[in-house]
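All chains are named by letter (A, B, ...) in the order of the sequence lines, taking the proteins before the strands, and each is independently numbered beginning at 1. The shown structure was predicted, so the numbers you read here are calculated from the model rather than taken from an experiment.
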2 protein chains.
Amino acid sequence: MRKDSRLSRMLHVLVHLHQLQHAVTSEQLALMLHTNPVVVRRTMALLREQGYVSAVKGHGGGWTLAKPLHKITLLDIHRSLSESTLFTIGLTDEHNNCPIEKAVNLAIDDVLQEAEALVLRRFGEVTLDKLAAGYIPAG
Amino acid sequence: MRKDSRLSRMLHVLVHLHQLQHAVTSEQLALMLHTNPVVVRRTMALLREQGYVSAVKGHGGGWTLAKPLHKITLLDIHRSLSESTLFTIGLTDEHNNCPIEKAVNLAIDDVLQEAEALVLRRFGEVTLDKLAAGYIPAG
DNA sequence: AACTTACGAAACATCATAAGTTACATAAAA
DNA sequence: TTTTATGTAACTTATGATGTTTCGTAAGTT
C-alpha cells in the first residue's frame with residue numbers, strides 16, 4: 001500500500017519555516033520536498049485550518065508559522081492531517097452474528113487500539129522544537 | 001487507503017475449520033467471507049506455505065487445519081500474510097543530508113517501531129484456541 | 001476411460017486514496 | 001497594470017488488496 005508521507009513532510013516543512021524566519025512560497029517548499037506547489041498547498045491548507053501556519057498572497061507572500069514550535073506537537077500535526085486510521089489492517093464486518101468473527105475482530109482491535117493509544121500518547125509528548133534541536137529517541 | 005482484511009478473514013476461517021472438523025472447499029469459504037473462491041485460494045495459499053493448513057484436490061477435498069489452534073498465534077498468521085508494514089504512515093527519504101528530515105524521521109520511526117513491537121508481542125500472546133472459546137480483551 | 005470436483009495459477013479489472021498535474025480565479029505588492 | 005502567490009477545481013497516476021475470468025491439473029466417482 002502506498003504510504004502517507006504527509007506527516008513526515010509537514011514536520012520537515014514546519015521546522016524549516018521556524019529556522020528561516022520569513023515567508024516561504026509553496027514553490028520553494030515544493031522544491032524542498034521534491035514535489036509540486038499544488039500538493040504543498042493542499043496539505044499545508046489542513047495545517048492552516050488548525051491555526052499552525054498562515055499564508056499570505058502576492059509579492060513577498062508565502063507560508064509562515066502561526067505558532068512557536070514548542071507549542072506544536074507531532075500529535076497536533078497528525079490530527080490535522082488524517083481522518084483515516086493508523087493501521088493497514090482492517091476488520092471485516094460482513095456477517096450477521098457470527099461469534100467467531102466477533103471474537104476475531106475483538107482480539108485484533110484490542111491490540112490495535114492499545115497500539116494506537118501508544119502512538120498518540122508518544123506523538124503528544126514530542127514538541128517540534130525537539131526536532132529542531134536534534135531528536136534523541138526515548139528508547 | 002484500502003484496508004487489508006486478510007488477517008481478520010483468515011483467523012475467521014481457521015477457527016471455523018477447527019469447529020467443522022472436515023475439509024471445507026474454497027467455494028464454501030468464499031460464501032462465508034462474501035467473496036469468491038480465487039481470493040480464498042490466493043490467501044489460504046500463504047498459510048499453506050507456512051504449514052498452517054493443507055489443501056486436497058478432487059471429490060471431498062478442500063482445506064483443513066494442519067496444526068491445532070493452540071499451536072497457532074495471531075502473529076503466525078500475520079507474518080504469513082504480510083511483507084508490508086503495519087502503518088499507513090510512511091517516512092520520506094528524498095533528501096541528501098538534511099538533519100531536520102533525519103530528526104523528523106527518527107522521531108516518527110521511534111514511535112512507530114515501539115508500537116509495532118507492541119502489536120507483534122501481543123499478537124504472539126494470543127493463540128487461536130482463545131478465539132474459539134470467546135476472546136476476552138486484556139484491557 | 002470419461003466425468004466431476006476442487007485446488008493451482010496466470011492474466012486482467014476494480015477500488016480507494018495519497019500524490020501528481022493542469023488550468024484558472026483571486027488577492028496583494030511592485 | 002503587471003507580477004507574484006495562494007485557493008481551488010478537475011483530472012491523472014501509482015499502489016496494493018480485492019474481485020473476476022479462464023485454463024490447467026490432480027483426485028475421486030461412475
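- Checking B:Thr92 against A:Ser8 by side-chain atom types alone, a donor-acceptor pair falls below 3.5 Å.
- Both A:Leu86 and A:Leu46 are part of a single hydrophobic cluster, where members link through side-chain heavy atoms under 4.5 Å apart.
- The distance from atom NZ of B:Lys3 to atom C1' of C:dT17 is 12 Å, rounded to the nearest whole Å.
- For the pair B:Thr35 and A:Gly58, both in contact range of DNA chain D, the more 5′-proximal nearest nucleotide belongs to A:Gly58.
- Using a 4.0 Å heavy-atom cutoff across all strands shown, A:Thr43 reaches no nucleic acid atom at all.
- A straight line from CD of A:Glu49 to P of D:dT6 spans 16 Å, rounded to a whole angstrom.
- Counting to the nearest Å, the P atom of C:dA18 and the CG atom of A:Leu7 are 13 Å from each other.
- The side chain of B:Arg9 lies closest to D:dG19 when the candidates are C:dA19, D:dT6, D:dG19.
- Counting to the nearest Å, the P atom of D:dT25 and the NZ atom of B:Lys57 are 9 Å from each other.
- No continuous path of hydrophobic side-chain contacts links A:Val56 to A:Leu17 [ILVMFWY only; heavy atoms under 4.5 Å].
- Between A:Leu29 atom CG and D:dT4 atom C1' there is a gap of 15 Å when expressed in whole angstrom units.
- The separation between B:Leu33 atom CG and D:dT18 atom P is 10 Å, rounded to whole Å.
- Residue B:Leu81 contributes atom CG, which lies 12 Å from atom C1' of D:dA17 at whole-angstrom precision.
- Between A:Gly60 and A:Arg41, the residue anchored closer to the 5' end of DNA chain C is A:Arg41, taking for each the nucleotide with the nearest heavy atom.
- Residue-to-nucleotide contacts include a donor-acceptor pair under 3.5 Å from the side chain of B:Arg42 to the base of D:dG19.
- In this structure, the CZ atom of B:Phe87 is 18 Å from the P atom of C:dA18, given to the nearest Å.
- The base of D:dT29 has none of its N or O atoms less than 3.5 Å from a complementary donor or acceptor on the side chain of B:His59.
- The residue among A:Val38 and A:Ser26 whose nearest nucleotide of DNA chain D lies closer to the 5′ end is A:Ser26.
- Side-chain proximity of A:Ser5 to the nucleotides C:dA19, C:dG8, D:dT18 is greatest for C:dA19.
- None of B:Thr73, B:Leu7, B:Ile77 except one satisfies the side chain to side chain contact (heavy atoms under 4.5 Å, CB included) rule with B:Phe123; the exception is B:Leu7.
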